Protein chains: 2
Amino acid sequence: MPIPLYQAKADFFRTLGHPVRIRVLELLQDGPLPVRDLLAGIEVEASNLSQQLAVLRRAGIVTSTREGSTVVYALSSNDVADLLRAARRILTDMIAGQGELLAELREAEHTRPG
Amino acid sequence: MPIPLYQAKADFFRTLGHPVRIRVLELLQDGPLPVRDLLAGIEVEASNLSQQLAVLRRAGIVTSTREGSTVVYALSSNDVADLLRAARRILTDMIAGQGELLAELREAEHTRPG
DNA sequence: ATAGGACTTGAAGAAGTTTTCAATTGGCTA
DNA sequence: TAGCCAATTGAAAACTTCTTCAAGTCCTAT
């Protein structure tokens, strides 16, 4: 019994839905990095970062390989970078759109609808 | 104090992270629809659908307009449709990738690492 | 005004996720 | 092999989201 595609999509987006996980993916967009560097770039405790990396690993979004005493993470597909770019575009538009909405709302306070 | 972009992104993805919400967005990809039609296309109680529509509305991803006694929903930007397509592509790749991974794992059971 | 249909809302409990801390593993060097 | 650093794990508590149900709004027709 295969998981329906809409469920898989929802799971995938839910996996992206955490600020630490987003920052990890953004940092990995320019190439693989050791945990040490992720830790330096994100304000979070080591054990919390590890938990979030585990979520990304379980979802198959990143891969980890041990190199000596450090562990290096990488995006498992560069389509993920595309997706993050698409999301940035949408968000930019939406924030701009909300700016307009806000302006309309402010106007509405003065020019009450008839 | 503006919300950091990585937080906005995480919130946005979290909003997409629910099977009913994904199906709503998929149904709206081809144009606006009244709630009645969404309800016909998704196996969920009316009140549950309403709750999920409210989540999408609050996030600014869909808009609703009342037309007589029915309410019509639409995507607020067609970039959302692009994003869903990007997600479908990634998911397809990932599922294929996981097929390979599975094959490797099965092999590993027989050819134990030395 | 009343009834009925379409949709939404509020609130409470159930279910799921996140954070945190202590304990643990794996590798390196003395 | 002892000690250390890097990273991970398990488990409990704190928090958030989801589902459900009863009650509510808004429109249309009688």
Side-chain angles (χ1 to χ4, degrees), chain A residues 3-4 6-25 27-28 32-76 113, chain B residues 3-4 6-25 27-28 32-74 76 113-114:
Chain A
I3 295 162
Y6 59 84
Q7 177 69 63
K9 268 190 206 174
D11 290 350
F12 174 72
F13 285 126
R14 181 140 24 78
T15 301
L16 300 185
H18 188 286
V20 168
R21 297 196 295 258
I22 289 290
R23 297 200 70 197
V24 166
L25 297 178
L27 290 169
L28 294 180
L33 288 176
V35 172
R36 170 176 15 95
D37 290 7
L38 296 172
L39 207 40
I42 308 177
E43 286 219 338
V44 72
E45 298 266 324
S47 71
N48 194 341
L49 178 60
S50 262
Q51 298 279 1
Q52 304 312 326
L53 289 171
V55 172
L56 291 170
R57 258 188 285 120
R58 270 181 242 122
I61 295 173
V62 303
T63 58
S64 69
T65 55
R66 181 170 273 277
E67 307 212 338
S69 71
T70 81
V71 175
V72 175
Y73 278 83
L75 297 186
S76 37
Chain B
I3 294 164
Y6 58 84
Q7 177 69 62
K9 269 189 206 175
D11 290 351
F12 174 71
F13 285 125
R14 182 140 23 79
T15 302
L16 301 185
H18 187 287
V20 169
R21 296 195 297 259
I22 288 290
R23 296 199 72 195
V24 167
L25 297 179
L27 290 170
L28 295 180
L33 287 176
V35 172
R36 168 173 19 92
D37 290 8
L38 296 172
L39 207 40
I42 308 178
E43 287 217 338
V44 72
E45 299 264 325
S47 71
N48 194 343
L49 178 60
S50 261
Q51 297 281 0
Q52 303 313 325
L53 289 172
V55 173
L56 291 170
R57 257 189 286 121
R58 269 182 244 123
I61 295 173
V62 302
T63 58
S64 70
T65 55
R66 179 171 275 275
E67 307 212 338
S69 71
T70 80
V71 176
V72 175
Y73 278 83
S76 37

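Chain A is the first sequence line, chain B the second, and so forth, proteins listed ahead of strands; every chain is numbered from 1. Treat the numbers as computed from the prediction; the structure is a model and nothing was measured.
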Open item on the list: Filter on salt bridge (charged side-chain N to carboxylate O under 4.0 Å, His left out), then keep only pairs touching residues 12-21 of chain A, sequence neighbours left out; what's left?
Closed with: A:D11-A:R14

TODO: Find the distance A:N48:CG to D:dG10:P and express it as a whole number of Å.
DONE: 16 Å

Task: All side chain to side chain donor-acceptor pair (under 3.5 Å) counterparts of B:Y6, not counting sequence neighbours - done: none

- [ ] Give, ordered by number, those residues of residues 32-46 of chain B having at least one heavy-atom distance below 4.0 Å to an atom of DNA chain C; if nothing qualifies, reply none.
- [x] B:V35, B:R36, B:A46

Task: Contact boundaries on DNA chain C for chain A, cut-off under 4.0 Å to non-hydrogen atoms - done: C:dT17 to C:dC28

Open item on the list: Tell me the closest heavy-atom pair linking A:Y73 and A:L28, and the distance in Å.
Closed with: O-CD2, 3.4 Å

Open item on the list: Once side chain to side chain donor-acceptor pair (under 3.5 Å) is applied, what residue pairs with a partner in residues 60-70 of chain A remain, sequence neighbours excluded?
Closed with: none

TODO: Would you mind building the protein contact string for nucleotides 24-30 of chain D? One character per nucleotide, 5' to 3', B for base within reach (heavy atoms under 4.0 Å), S for sugar-phosphate only, - for untouched.
DONE: ---SS--

TODO: Report the C-alpha distance between A:V55 and A:I61 in whole Å, list the side-chain angles of each, state the deciding distance to 0.1 Å, and finish with yes or no for side chain to side chain contact (heavy atoms under 4.5 Å, CB included).
DONE: CA-CA 9 Å; A:V55 172; A:I61 295 173; over 6 Å; no

Open item on the list: Would you compute the distance between atom NZ of B:K9 and atom NE2 of A:H18 and round it to the nearest 0.5 angstrom?
Closed with: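 If I round to the nearest 0.5 Å, the distance is 15.5 Å.
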
Task: Spacing of CD1 belonging to B:I22 relative to OG1 belonging to B:T15, to within rounding of 0.5 Å - done: 10.5 Å

TODO: Tell me which of A:Q51 and A:T70 sits closer to the 5' end of DNA chain D, going by the nucleotide each one is nearest to.
DONE: A:T70

Please set out all donor-acceptor pairs under 3.5 angstrom arising from side-chain atoms of residues 32-45 of chain B, sequence neighbours excluded.
none

Open item on the list: OP1 or OP2 of D:dA6 versus the side-chain N and O atoms of A:Y73: is any pair under 4.0 Å?
Closed with: no

Open item on the list: For a quick test of reading the model: is some side-chain N or O of B:R21 closer than 4.0 Å to OP1 or OP2 of D:dT17?
Closed with: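 Result: no.
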
Open item on the list: Heavy atoms within less than 4.0 Å of DNA chain D: which residues of residues 9-19 of chain B have one? Give them sorted by number.
Closed with: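 Here the set is B:R14, B:H18.
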
TODO: To the nearest 10°, let me know how far the axis at one end of the helix from C:dA1-D:dT30 to C:dA30-D:dT1 is tilted from the axis at the other, five pairs an end.
DONE: 10°

Open item on the list: Would you say that B:L16 contacts B:L25 through its side chain, given a criterion of any heavy-atom pair below 4.5 Å between the two side chains?
Closed with: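 Side-chain contact under 4.5 Å: yes.
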
